[in-house]
There are 2 protein chains.
Amino acid sequence: MSESRAKPRESYHHGDLRRVIIQTAEAMLAEGQGWQFTLREVARRAGVSHAAPYKHFPDKASLLAELSMRGFDRLREVLTEAVGANPRSVREALLRGARAYVRFGIDNPALYRLMFSTEACQDEDLHLSERAMAPLAVVIALLQRGQQEGVFRLRPLEGLAAACWAQVHGLTLLSIDGLLLPQKVGEAPVEAALAALLEGLATGPA
Amino acid sequence: MSESRAKPRESYHHGDLRRVIIQTAEAMLAEGQGWQFTLREVARRAGVSHAAPYKHFPDKASLLAELSMRGFDRLREVLTEAVGANPRSVREALLRGARAYVRFGIDNPALYRLMFSTEACQDEDLHLSERAMAPLAVVIALLQRGQQEGVFRLRPLEGLAAACWAQVHGLTLLSIDGLLLPQKVGEAPVEAALAALLEGLATGPA
DNA sequence: ACCTGAACACCGTTCAAGT
DNA sequence: ACCTGAACACCGTTCAAGT
């Protein structure tokens with residue numbers, strides 16, 4: 001029913017073409033292996049001329065930057081929900097957050113790669129480091145709480161956060177690339193790596 | 001003296017054009033932010049027509065695959081040297097290997113990204129997973145030795161290796177992206193993360 | 001056996017012109 | 001204010017023809 005491609009006509013002026021372009025691009029990102037899709041193809045599927053997108057984005061990089069930013073927003077939402085859902089223990093919350101993070105990447109491989117690509121943060125207002133801060137803030141808050149409760153070692157937050165982020169970032173990308181043989185979260189390698197991470201953070205013996 | 005671009009002539013037939021193309025492409029990879037360089041530009045700098053490279057590589061993806069493979073070879077060399085140099089203790093060896101790994105990525109950002117890119121492992125004989133095995137074997141051997149010596153926890157090697165690899169892979173990419181504020185290896189966040197990793201592996205308390 | 005030149009289909013981007 | 005059509009410069013790739 002809801003044909004999203006090639007809307008016949010809405011009085012020549014498309015209305016909210018910007019949104020349609022973003023949604024179409026997101027769909028093509030989800031379908032393909034990367035962001036090699038063509039701006040002309042996006043326009044085609046949106047039912048407009050190939051020059052129309054340029055009225056809403058200065059160039060392709062800007063569209064990609066927009067997709068990247070939206071990706072970071074979704075990731076932050078996923079993380080805060082996963083962490084906030086069941087605050088039984090800090091360990092548990094961190095583990096849930098980590099699993100949600102990896103799953104997000106596995107479910108959106110092309111988007112996740114784009115978010116950390118140099119092609120998506122050219123001269124935009126928001127640099128990559130600023131965008132990534134929001135999700136990072138979630139894990140830092142958790143680490144702080146863990147230290148206050150005495151279950152995490154008292155080390156500089158900077159380093160602990162780096163260890164956590166690097167671990168989930170690495171696990172996510174290796175999973176996407178199919179380099180950790182069982183690809184689903186909850187399977188052996190990912191879980192084992194997360195367990196090792198927690199053991200490295202913990203004060204007591206596991 | 002050794003002008004590597006635009007050799008005047010070597011009797012029309014270039015001789016070892018294949019090598020020159022690879023070297024030129026590697027230079028452009030090192031100069032730029034990625035592998036968006038153009039095959040025509042490579043040919044231009046190699047002093048041949050834009051069609052000449054197609055006599056040595058079926059397409060651009062094949063050239064990129066070659067660069068990626070050579071990257072994995074260099075990484076394996078760097079790792080084995082770093083690990084084998086001073087085998088005082090397994091901990092020390094693992095730490096040296098990890099530092100060498102991260103430094104390799106920081107020193108060759110575009111190459112390192114290419115190595116784990118989907119664009120560099122299309123339908124080549126060697127899939128990404130097979131290429132990555134050689135460097136991974138180095139760390140697995142180290143973990144095994146650590147377990148035999150009783151300094152590393154007795155967990156399935158699969159999981160421990162995943163934890164190590166994900167940690168250095170993540171640290172490398174975050175460093176490349178400038179997301180761990182001090183960018184040089186040996187600085188706080190990277191060292192802290194590696195310390196946490198080792199604490200997670202160790203049997204005794206640090 | 002190895003390289004060149006012209007040619008093809010396709011892109012990103014621009015801009016005067018339409019509604 | 002928003003979209004179109006033609007145009008420009010450039011790519012990846014192919015292929016008949018040159019050496």
Side-chain angles (χ1 to χ4, degrees), chain A residues 4-25 28-29 32-68 114 117-124, chain B residues 4-25 28-29 32-68 114 117-124:
Chain A
S4 78
R5 55 165 74 185
K7 277 191 185 166
R9 205 111 316 161
E10 288 185 5
S11 76
Y12 186 90
H13 284 64
H14 192 269
D16 61 344
L17 179 56
R18 190 173 204 279
R19 183 156 332 190
V20 173
I21 287 173
I22 291 177
Q23 286 172 351
T24 307
M28 298 182 75
L29 201 57
Q33 303 283 326
W35 50 95
Q36 302 82 18
F37 61 78
T38 214
L39 216 48
R40 286 170 111 108
E41 175 71 15
V42 173
R44 235 169 267 141
R45 283 174 53 159
V48 293
S49 83
H50 63 260
Y54 285 89
K55 295 298 157 187
H56 298 275
F57 300 95
D59 49 26
K60 186 182 177 184
S62 285
L63 174 57
L64 293 180
E66 178 76 27
L67 298 184
S68 164
L114 175 65
S117 151
T118 55
E119 265 131 313
C121 57
Q122 308 239 92
D123 35 39
E124 286 299 302
Chain B
S4 77
R5 56 164 74 183
K7 276 193 184 164
R9 205 113 314 164
E10 287 185 5
S11 77
Y12 185 92
H13 284 62
H14 193 267
D16 63 342
L17 180 55
R18 190 173 204 278
R19 184 156 332 191
V20 174
I21 288 173
I22 290 176
Q23 286 172 352
T24 307
M28 299 181 75
L29 200 55
Q33 303 282 324
W35 49 96
Q36 302 80 20
F37 61 76
T38 214
L39 215 48
R40 287 170 109 108
E41 174 70 15
V42 173
R44 234 170 267 142
R45 282 174 55 158
V48 294
S49 83
H50 62 260
Y54 285 89
K55 295 298 159 188
H56 300 275
F57 301 93
D59 49 26
K60 186 182 177 184
S62 286
L63 173 57
L64 294 180
E66 177 77 26
L67 298 185
S68 164
L114 175 65
S117 151
T118 55
E119 265 131 312
C121 55
Q122 309 238 91
D123 34 39
E124 287 298 303

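Only heavy atoms go into these numbers, but all of them, side chains included; no hydrogens, no water, no symmetry mates. A, B, ... follow the sequence lines: proteins, then strands. Residue 1 opens every chain. Here the structure is a predicted model, which is why all the values come from computation and not from measurement.
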**Asked** If we only count heavy atoms from C-beta on, is the B:I22 to B:F57 side-chain gap below 4.5 Å?
**Response**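 A side-chain contact exists here, since the closest heavy-atom pair is under 4.5 Å.
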
**Message:** Starting the side chain at C-beta, find the nucleotide from D:dC3, D:dT13, C:dT13 nearest to B:L39.
**Reply:**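 So the nucleotide nearest the side chain must be D:dT13.
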
Could you tell me the separation between the [atom1] atom of [X] and the [atom2] atom of [N], rounded to a whole number of Å?
| X | N | atom1 | atom2 | result |
| --- | --- | --- | --- | --- |
| A:L17 | D:dT4 | CG | C1' | 13 Å |
| B:R18 | C:dC2 | CZ | P | 12 Å |
| B:D16 | C:dC3 | CG | C1' | 15 Å |
| B:K60 | D:dT13 | NZ | C1' | 13 Å |
| B:I21 | C:dC2 | CD1 | P | 12 Å |
| B:Q36 | D:dC11 | CD | C1' | 14 Å |
| A:W35 | C:dG12 | CH2 | P | 15 Å |
| A:K55 | C:dA17 | NZ | P | 14 Å |

**Request:** Identify the two heavy atoms, one from A:L64 and one from A:A120, that lie closest to each other, and give their separation to 0.1 Å.
**Result:**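 Heavy-atom minimum between the residues: O-CB, 4.0 Å.
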
**Item:** Minimum heavy-atom distance A:L17-A:A52, with the two atoms named
**Value:** CD2-CB, 3.9 Å

**Asked** Can you tell me how far CZ of B:F37 sits from CG of B:L29, rounded to the nearest 0.5 angstrom?
**Response**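 It comes to 5.5 Å.
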
**Item:** By side-chain contact (heavy atoms from CB on, under 4.5 Å) - contacts of A:L39 (at least two apart)
**Value:**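 side-chain contact (heavy atoms from CB on, under 4.5 Å) check on A:L39 returns A:Y54, A:K60, A:L63.
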
**Item:** A:Q23: partners by side-chain contact (heavy atoms from CB on, under 4.5 Å), with sequence neighbours left out
**Value:**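 Expected list: A:R19.
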
Enumerate all atom pairs, one protein N or O and one N or O from nucleotides 5-10 of chain C, separated by less than 3.5 Å.
{"residue": "C:dA6", "atom": "N6", "partner": "B:H50", "partner atom": "NE2", "Å": "3.1"}

**Message:** For Watson-Crick and G-U wobble pairs within 3.5 Å on both distances, what is DNA chain D written in dot-bracket notation, | included for inter-strand pairing?
**Reply:** ||.|||||...|||||.||

**salt bridge (Lys or Arg N to Asp or Glu O under 4.0 Å) partners for A:R18, two or more places apart** = A:E66

**Qualifying residue for side chain to side chain contact (heavy atoms under 4.5 Å, CB included) with A:R45, from A:I21, A:V20, A:T24** =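 Considering A:I21, A:V20, A:T24, a side chain to side chain contact (heavy atoms under 4.5 Å, CB included) with A:R45 is found only for A:T24.
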
**Item:** Which residues share a side chain to side chain donor-acceptor pair (under 3.5 Å) with A:E41, sequence neighbours left out
**Value:** A:R44

